[in-house]
Number of protein chains: 2
Amino acid sequence: MTTQSQGLHTHVLDTLGLEISSGQCPPGSVLRTDELAQRFDVSRTVIREVIRVLESMHLVESRRRVGVTVRPTETWNVYDPQVIRWRLAGADRPRQLRSLTVLRSAIEPVAAGLAARHATAEQCAELTERALGMVATSRGQQLEGYLEHDIAFHRIVLNASGNEMFARLGDVVAEVLAGRTHHQVMFEDPDPAAVTLHVRLAEAVREGDPEAAERITKEIAVGALHELDVLAP
Amino acid sequence: MTTQSQGLHTHVLDTLGLEISSGQCPPGSVLRTDELAQRFDVSRTVIREVIRVLESMHLVESRRRVGVTVRPTETWNVYDPQVIRWRLAGADRPRQLRSLTVLRSAIEPVAAGLAARHATAEQCAELTERALGMVATSRGQQLEGYLEHDIAFHRIVLNASGNEMFARLGDVVAEVLAGRTHHQVMFEDPDPAAVTLHVRLAEAVREGDPEAAERITKEIAVGALHELDVLAP
DNA sequence: GTGACGTAAACGTCGTACTTATTATTCCCG
DNA sequence: CGGGAATAATAAGTACGACGTTTACGTCAC
């Protein structure tokens, strides 16, 4: 899904990034550019560019005479959407999903409060529209449609907060929601209570009620965390 | 400050990243690899590796036949510590500092609450030590010493939260605090009230009182935001 | 055992040649 | 005169080979 064949660079980067973040190349292990070039059947040029990108994400460290060593997990750029995607696709998806959901539970209530203050009429309208879309797709195994509305909904709230750091978390939230829908066992329709809360949040934002918006979003977050507790060990 | 002459790559990356994030190369403007190679007097190889890194940060987009175009601000990886450093060094430091402080005000209270639950004895000890260090350096123009304790203090709280997303925000907070001390007009000693709150926070964490920890941290955040309002327009 | 020293292994940089995608232009046909 | 298809031009993508530079590691003398 993440792999497009739009260039050798992309393919190699994606493969290596996935291998590293999935723990297949544990921290401390070393890679050699020549070996990689041989393995992927590409020139060392391509490998070097990939390594540089991985290095900028602090996934690896390149040192002379020793090679490219995988760095310890604590140094990864875990906010890089690419890294998040790799990790969610890899082994410790549950742990990752939990960290990210806790992050959401801290950010989104505050963002919703700000959104209630700053949202434009246009944003309010689209928010309501998305909430209705969620209602419409909340029953009858329309998970993909629901997911799309859900992602759009949260993205609007984050954007409407007016804070760029919050806004840029839209991609992260999208990854989390997508990961939850696709990888988690999620046969059933979404929780009706959650759907209702989204509708109420849209109302609170439209009415410019920051306290309510914050409170409702906290409830949504609590629900998401609870869901994780139930579905994942 | 960020530039070490540890390789051409680093130097070129730092220079270009700074120029882009400072708005010197506004979104939409195009760079050519050949020109850059000539300008920095390095081979195209080096330039390409730099471009690839910049591309992974979503600062630029490279397309055939058209060149390397600077992408709009909304797409930048603003959580990348490198990008943060560039932006804090650049033109819109005030705006950036405000966004980041709002982010802190959302994250740190939650992190402090978690820290109160999960902190080890060792972490509590070091936290208290740092709080005392802040007290000791809070008067008499010892700003650098105070800053060091302040950074360490907040880093411990974030780490003790047990959430890796929070923990990785330690670097961001460090940048914010450093930026505030160094670039802001800050002749005076730190606010005594803030110092006291840090001491109380250390106590709350040590006593395992999440509610108090969260509340006190919120007060610290409010103070930081207020400080921004007073010092920057 | 300890220190200086040399060696080789890996990345770092360079230059060039060639390939490919994309845009701009030209030119022919309707 | 206009529009679409063939064509040219351009800049990035890839490959290869060579040399430079750092640095871990083994060796040798003391």
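Chain letters run A, B, ... following the sequence lines, proteins first, then strands; residues in each count from 1.
Remark: A:A111 pairs with A:L158, A:S161, A:F166 by the side-chain contact (heavy atoms from CB on, under 4.5 Å) rule, at least two apart or across chains. For A:A152, the side-chain contact (heavy atoms from CB on, under 4.5 Å) partners are A:R130, not counting sequence neighbours. Under the rule for a ring-ring contact (aromatic ring centres under 6.0 Å, His included), the partners of B:H198 that lie at least two apart in sequence or sit in another chain are B:F153, B:H154. With sequence neighbours excluded, no residue forms a side-chain contact (heavy atoms from CB on, under 4.5 Å) with A:E129.
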List the protein contact pattern of nucleotides 9-16 of chain D with one symbol per nucleotide (5' to 3'): B for base contact, S for sugar-phosphate-only contact, - for none; contact means a heavy-atom distance under 4.0 Å. BBBBBBBB

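For residues 151-179 of chain B, every residue pair satisfying the salt bridge (Lys or Arg N to Asp or Glu O under 4.0 Å) rule, not counting sequence neighbours, is listed here: A:R87-B:E164, A:R95-B:E164, B:R85-B:E175, B:R155-B:D171, B:R168-B:D171.
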